[in-house]
Participant: 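For reference, the structure I am asking about is given below.
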Number of protein chains: 2
Amino acid sequence: MPSEEADTRGALVTAGRRLFAERGYEGATVRAITGAAGANVASVAYHFGSKEGLYLQVIMEVLSPLGERIQEVAAAEASGTGRIEALLQAVFEHLWDNPDQAQIMVEVRLHRADLLPQLAEMLAPMTTGLMQIVTEAQASGVVREGPPLLFVMSLMAQPVYFMLLTRRAPEGVLPANPHTAEGRKVYVDHMVDFALGGLAGTHRTEGR
Amino acid sequence: MPSEEADTRGALVTAGRRLFAERGYEGATVRAITGAAGANVASVAYHFGSKEGLYLQVIMEVLSPLGERIQEVAAAEASGTGRIEALLQAVFEHLWDNPDQAQIMVEVRLHRADLLPQLAEMLAPMTTGLMQIVTEAQASGVVREGPPLLFVMSLMAQPVYFMLLTRRAPEGVLPANPHTAEGRKVYVDHMVDFALGGLAGTHRTEGR
DNA sequence: GACCGTATAAAACGATCGTTTAAATCACGG
DNA sequence: CCGTGATTTAAACGATCGTTTTATACGGTC
């Protein structure tokens, strides 16, 4: 009977997730990963076939939870602006607790264009959830008319960008300390205000 | 008299800029860069001391133009929402024409935390220009009260994120073709609408 | 034409990369 | 307690990394 899930295998994924995010695919060496996992150099080839195999496994495991989280928000009942607020809150908090996620997503988009089709497939549950949230918000009048994808992009830009900028920012330059729950609330509140305003009717040239 | 600017030196910066952006610091090898530049392998060490030296030079050259562009927008006279619109237009178009810029900025932020202090220093003209635009917009009533940096982050998130997502997106999924000027106008118009709404008064729980 | 600092060239350096090999160890049913 | 497949280990593989070395070609000055 094959045991299918040894301890080293999980340790390799955990270490790979962290090191791929910190240093990128090329920067994270097999020896660094196996060293951090307390495993042998050959264990990557044995369990995943190659470094690339481990990378794909890491991507899959790292992307799933956020997609599920967004699906939950999309399925939850909320009135008017409540669902948008819940979405931004959930995405930002999730990305903050799992910085590997955003880093690996950006890394793939920047330097691994060959994996973009697979990435889009893995992100499918997330994008459908987002589109559902926006289209329903348009039906209820919270969001103005227009291609839903544009609003999805504008929405996601906020938590992703804020997470990347605040994660390792030096102290003193930020208006609130994101390492505390109260500090993060400042950013979430701002993102919600900004997004709700942006989603509503246009303010183009004339006031209101 | 030293010639100071040989042809190979410029070719190395050009090739390095492209390859560092495409493949990241670790992924872009010295041999690939010198090969693309039509130069010898030893030329990087000769002209820049090391691969790291070339990377720093590329960062400096790639960051300057956007900072100057934003300073121009900040200095230009524009009434009400015009300056915000000009800012988003300029940033998105500049990033679109120079994708290396955003890619390298993100790369440094993700995988080269050791360079963040130098990056912040190089970005100083850009951030001061952005802060000036926002604070003056607050004074004129276009932007509601609040820490200017939060609005700067929300503003920049839009063109950066849109550029990263639309640059290599497969055909058919996007609502407009960003490779044409007319298509990019769709994205810029949306970003302007979204941003102006987000910058104005809050739409929190009650309608309008 | 000899001289000299600058620049390019080819070749080699040690180090480290991902991967492979082959032996050792483990878990366990017969 | 032996056999057998699964796992781990140490060692080595060829390839490629960034860098150094050494020699050669170039452009002015005296």
Side-chain angles (χ1 to χ4, degrees), chain A residues 1-60 104 107-108 110-115 118, chain B residues 1-61 104 107-108 110-112 114-115 118:
Chain A
M1 286 287 156
S3 70
E4 174 57 86
E5 177 69 29
D7 189 30
T8 43
R9 190 190 154 94
L12 286 174
V13 174
T14 302
R17 172 174 173 156
R18 182 174 63 86
L19 288 172
F20 281 135
E22 283 180 5
R23 312 181 189 176
Y25 179 77
E26 303 285 348
T29 68
V30 172
R31 281 174 175 81
I33 295 171
T34 53
N40 190 271
V41 208
S43 56
V44 167
Y46 178 77
H47 284 286
F48 303 96
S50 64
K51 179 186 182 181
E52 182 86 7
L54 172 60
Y55 191 57
L56 293 176
Q57 185 65 35
V58 166
I59 292 178
M60 286 211 314
I104 288 179
E107 155 90 4
V108 170
L110 283 187
H111 304 314
R112 295 302 306 267
D114 53 310
L115 298 182
Q118 306 183 42
Chain B
M1 285 287 158
S3 70
E4 172 60 86
E5 177 69 30
D7 189 30
T8 44
R9 188 189 156 95
L12 287 174
V13 175
T14 302
R17 171 175 175 156
R18 183 174 62 87
L19 288 171
F20 280 135
E22 282 181 6
R23 313 181 189 176
Y25 180 77
E26 303 285 347
T29 69
V30 172
R31 282 174 175 81
I33 296 172
T34 54
N40 190 271
V41 209
S43 56
V44 167
Y46 178 77
H47 284 286
F48 304 96
S50 64
K51 178 186 182 182
E52 182 86 9
L54 171 60
Y55 191 58
L56 293 176
Q57 186 64 36
V58 166
I59 293 179
M60 286 212 314
E61 296 203 8
I104 288 179
E107 155 91 4
V108 169
L110 284 188
H111 305 313
R112 295 301 306 267
D114 54 309
L115 298 181
Q118 306 183 43

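Throughout, a chain's letter reflects where its sequence line sits, starting with A, and its residues are numbered from 1.
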Participant: Kindly give the heavy-atom pair with the smallest separation between B/Leu56 and B/Gln118, and that separation in Å.
Facilitator: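 For B/Leu56 versus B/Gln118, the nearest heavy atoms are CD2-OE1, 3.8 Å.
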Participant: Any salt bridge (charged side-chain N to carboxylate O under 4.0 Å, His left out) pairs touching residues 35-50 of chain B, not counting sequence neighbours?
Facilitator: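 As it turns out, there is no salt bridge (charged side-chain N to carboxylate O under 4.0 Å, His left out) pair with a partner in residues 35-50 of chain B once direct neighbours are skipped.
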Participant: Going from CD on A/Glu107 to CD1 on A/Ile104, what distance comes out if it is rounded to the nearest 0.5 angstrom?
Facilitator: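 These two atoms lie 8.0 Å from each other.
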Participant: Only counting residues at least two apart or in another chain, list the ones meeting salt bridge (charged side-chain N to carboxylate O under 4.0 Å, His left out) with A/Arg23.
Facilitator: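 With neighbours one apart ignored, the set is empty.
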Participant: In residues 23-31 of chain A, which ones come under 4.0 Å of DNA chain D, going by heavy atoms?
Facilitator: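 Here the set is A/Arg31.
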Participant: Using distance only, find each side-chain donor-acceptor pair of residues 28-40 of chain B under 3.5 Å and give its atom names and separation, not counting sequence neighbours.
Facilitator:
residue	atom	partner	partner atom	Å
B/Thr29	OG1	B/Ala32	N	3.0
B/Thr34	OG1	B/Val30	O	2.9
B/Thr34	OG1	B/Arg31	O	3.2
B/Asn40	OD1	B/Ala42	N	2.9

Participant: Evaluate A/Val13 against A/Phe48 for side-chain contact (heavy atoms from CB on, under 4.5 Å), listing each step before the verdict.
Facilitator: CA-CA 10 Å; A/Val13 174; A/Phe48 303 96; 3.7 Å; yes
Participant: How is the base pairing of DNA chain D summarised as a dot-bracket string, given the Watson-Crick and G-U wobble criteria with both distances under 3.5 Å, [ ] for crossing and | for another strand?
Facilitator: .|||||||||||||||||||||||||||.|
Participant: Please pick, from C/dT19, C/dA10, D/dT7, the nucleotide with the shortest atom-to-atom distance to any side-chain atom of A/Thr8.
Facilitator: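 Ranking C/dT19, C/dA10, D/dT7 by closest atom to the A/Thr8 side chain puts D/dT7 first.
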Participant: Considering only heavy atoms, which members of residues 33-40 of chain A lie under 4.0 Å from some atom of DNA chain D?
Facilitator: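 Only A/Asn40 qualify.
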Participant: For residues 43-52 of chain B, which residue pairs pass the salt bridge (charged side-chain N to carboxylate O under 4.0 Å, His left out) check, not counting sequence neighbours?
Facilitator: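 For residues 43-52 of chain B: B/Glu52-B/Arg112.
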Participant: Rounded to the nearest Å, what distance is computed from the CG atom of residue B/Leu12 to the P atom of nucleotide D/dG18?
Facilitator: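 Result: 13 Å.
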Participant: Give me the atom names and distance for the closest heavy-atom approach of B/Thr8 to B/His47.
Facilitator: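 What the structure gives for the nearest pair is OG1-NE2, 3.6 Å.
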Participant: Send over the distance from B/Arg9 CZ to C/dT6 P, rounded to a whole Å.
Facilitator: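 Computing the B/Arg9:CZ to C/dT6:P distance gives 14 Å.
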Participant: Could you work out which one of C/dT8, C/dT20, D/dT19 sits closest to the side chain of B/Ser50?
Facilitator: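 So the side chain of B/Ser50 is nearest to D/dT19.
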Participant: Looking at the side chain of A/Tyr46, which of C/dT20, D/dT19, D/dA6 is the nearest nucleotide?
Facilitator: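 Of all the options, the side chain of A/Tyr46 is nearest to D/dA6.
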Participant: Can you list everything that forms a ring-ring contact (aromatic ring centres under 6.0 Å, His included) with A/Tyr55? Sequence neighbours excluded, please.
Facilitator: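 Expected list: A/Phe20, A/Tyr25.
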Participant: Roughly how many Å is it from CG in B/Asp7 to P in D/dG27, rounded to a whole number?
Facilitator: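 My rounded result for the distance is 14 Å.
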Participant: Quick one: closest heavy-atom pair of A/Glu22 and B/His111, and the distance?
Facilitator: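 Here A/Glu22 and B/His111 meet closest at O-ND1, 3.1 Å.
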Participant: Measure the distance from CZ on A/Phe48 to P on D/dA6 and round it to the nearest whole Å.
Facilitator: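 Distance check: A/Phe48 CZ to D/dA6 P gives 17 Å.
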Participant: Would one find a side-chain N or O of A/His47 under 4.0 angstrom from OP1 or OP2 of D/dT8?
Facilitator: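 Answer yes for this pair, as a side-chain N or O of A/His47 is under 4.0 Å from OP1 or OP2.
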Participant: How would you list, by chain and number, every residue that makes a salt bridge (charged side-chain N to carboxylate O under 4.0 Å, His left out) with B/Glu61, sequence neighbours excluded?
Facilitator: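 Not a single residue meets the salt bridge (charged side-chain N to carboxylate O under 4.0 Å, His left out) criterion with B/Glu61.
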Participant: Can you measure A/Leu54 atom CG to C/dT19 atom C1' for me and round it to whole angstrom units?
Facilitator: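 In whole Å, C/dT19 C1' lies 14 Å from A/Leu54 CG.
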